[in-house]
Amino acid sequence: MKKRLLSLLSLCLLVITLTACGEKVADRDIAKTSKEENQITWGVKNDTRLFGMMDVKTKEVKGFDIDIARGITEKILGADGSAVFVEVTSKTRIPLLKNGNIDAIIATMTITEERKQQVNFSDVYFDAGQSLLVKKGSKIKSINDLGADTTVLAVKGSTSVDNIKKAAPEAKVLEWENYAECFTALQSGQGDAMTTDNAILLGMASQNPDYELAGGAFTKEPYGIAINKGQDNFLAEVNQALHEMHEDGTYDRIYDKWFPDSDDGRVKE
Ligand code: GLU
């Protein structure tokens with residue numbers, strides 16, 4: 001009897017704690033708390049060259065997404081506001097946002113109708129498209145070459161997995177936890193091609209001259225900043241900041257820093 005009472009009591013405690021936590025995340029008005037704390041916490045990639053990549057020497061994460069996040073933080077909080085970066089992967093980013101570990105996701109994330117059921121998105125800040133990365137000399141020249149005898153590598157939780165299954169239904173798809181793992185698998189011959197957004201693949205090809213993109217983009221992947229539902233004030237601030245960054249040239253400066261030779265992906269307002 002005593003035991004049962006005890007477990008009932010701990011169950012009640014658990015329910016109360018969970019409810020309290022749930023309320024805390026939902027009730028927090030990030031537009032307000034970010035100003036009180038003078039910081040915005042961003043979920044970013046740490047293994048994606050050109051967008052969010054950890055510099056192992058300086059322990060600093062660098063890339064287009066990082067600079068855009070810093071720019072938005074400065075617009076919202078002023079020059080002394082701090083942008084805090086937390087690593088996410090394609091699979092962990094929405095759960096980390098939902099449970100309140102981060103205020104926003106800026107991590108090569110495509111705006112999709114399916115994701116809009118769970119989160120809200122800012123205006124588009126980068127236009128990517130899905131493509132293929134292969135070893136130079138590969139017989140795969142485009143998605144039309146991905147038949148039943150080919151294996152394609154992709155990352156869990158990315159749109160790339162669903163898209164490639166539709167575009168090349170015969171091919172075998174192997175899924176990995178993150179982009180570093182996925183590219184290592186390609187290098188060690190575990191697949192014939194790797195697939196994700198062209199801009200991400202270009203970042204890999206630029207560091208690994210034995211690899212090249214094949215066949216051009218076969219989807220549209222407009223990137224947006226994801227924010228929890230119910231944070232409309234914060235979402236409006238983010239969109240306003242992006243707008244100002246387009247107006248005053250900050251966006252173009254950041255774009256040209258990371259993509260000096262290309263205009264693909266640049267968003268014009
Ligand atoms: N943009 C695609 C997506 O949101 C692929 C890149 C990524 O995995 O973040 O799923």
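Residue numbers start at 1 and run along the sequence shown. Just so you know, ligand 1 is whichever comes first in the structure, and atom 1 is the first atom listed for that ligand.
Residue pairs meeting the salt bridge (Lys or Arg N to Asp or Glu O under 4.0 Å) criterion with at least one member in residues 129-155, sequence neighbours excluded, do not occur. Pairs passing the side-chain hydrogen bond (donor to acceptor under 3.5 Å, both in side chains) check and including a residue from residues 205-220, sequence neighbours excluded, read Thr219-Glu221.
Residues Glu237 and Lys35 are paired through a salt bridge, judged by an N-O separation under 4.0 Å between the basic side chain and the carboxylate.
Protein residues with a heavy atom closer than 4.0 Å to ligand 1 are Lys45, Ser90, Arg93, Ala107, Thr108, Met109, Thr110, Arg115, Ser158, Thr159, Ser160, Tyr179, Thr196, Asp197, Ile200, Tyr223, listed by chain and number.
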Worked verdict on Asp65 versus Tyr125 for side-chain hydrogen bond (donor to acceptor under 3.5 Å, both in side chains): CA-CA 9 Å; Asp65 283 345; Tyr125 72 93; 2.8 Å; yes

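Checked against salt bridge (charged side-chain N to carboxylate O under 4.0 Å, His left out), Asp256 has the following partners two or more places apart in sequence or in another chain: Arg266.
Here Phe126 and Phe259 bring their ring centres to under 6.0 angstrom of each other.
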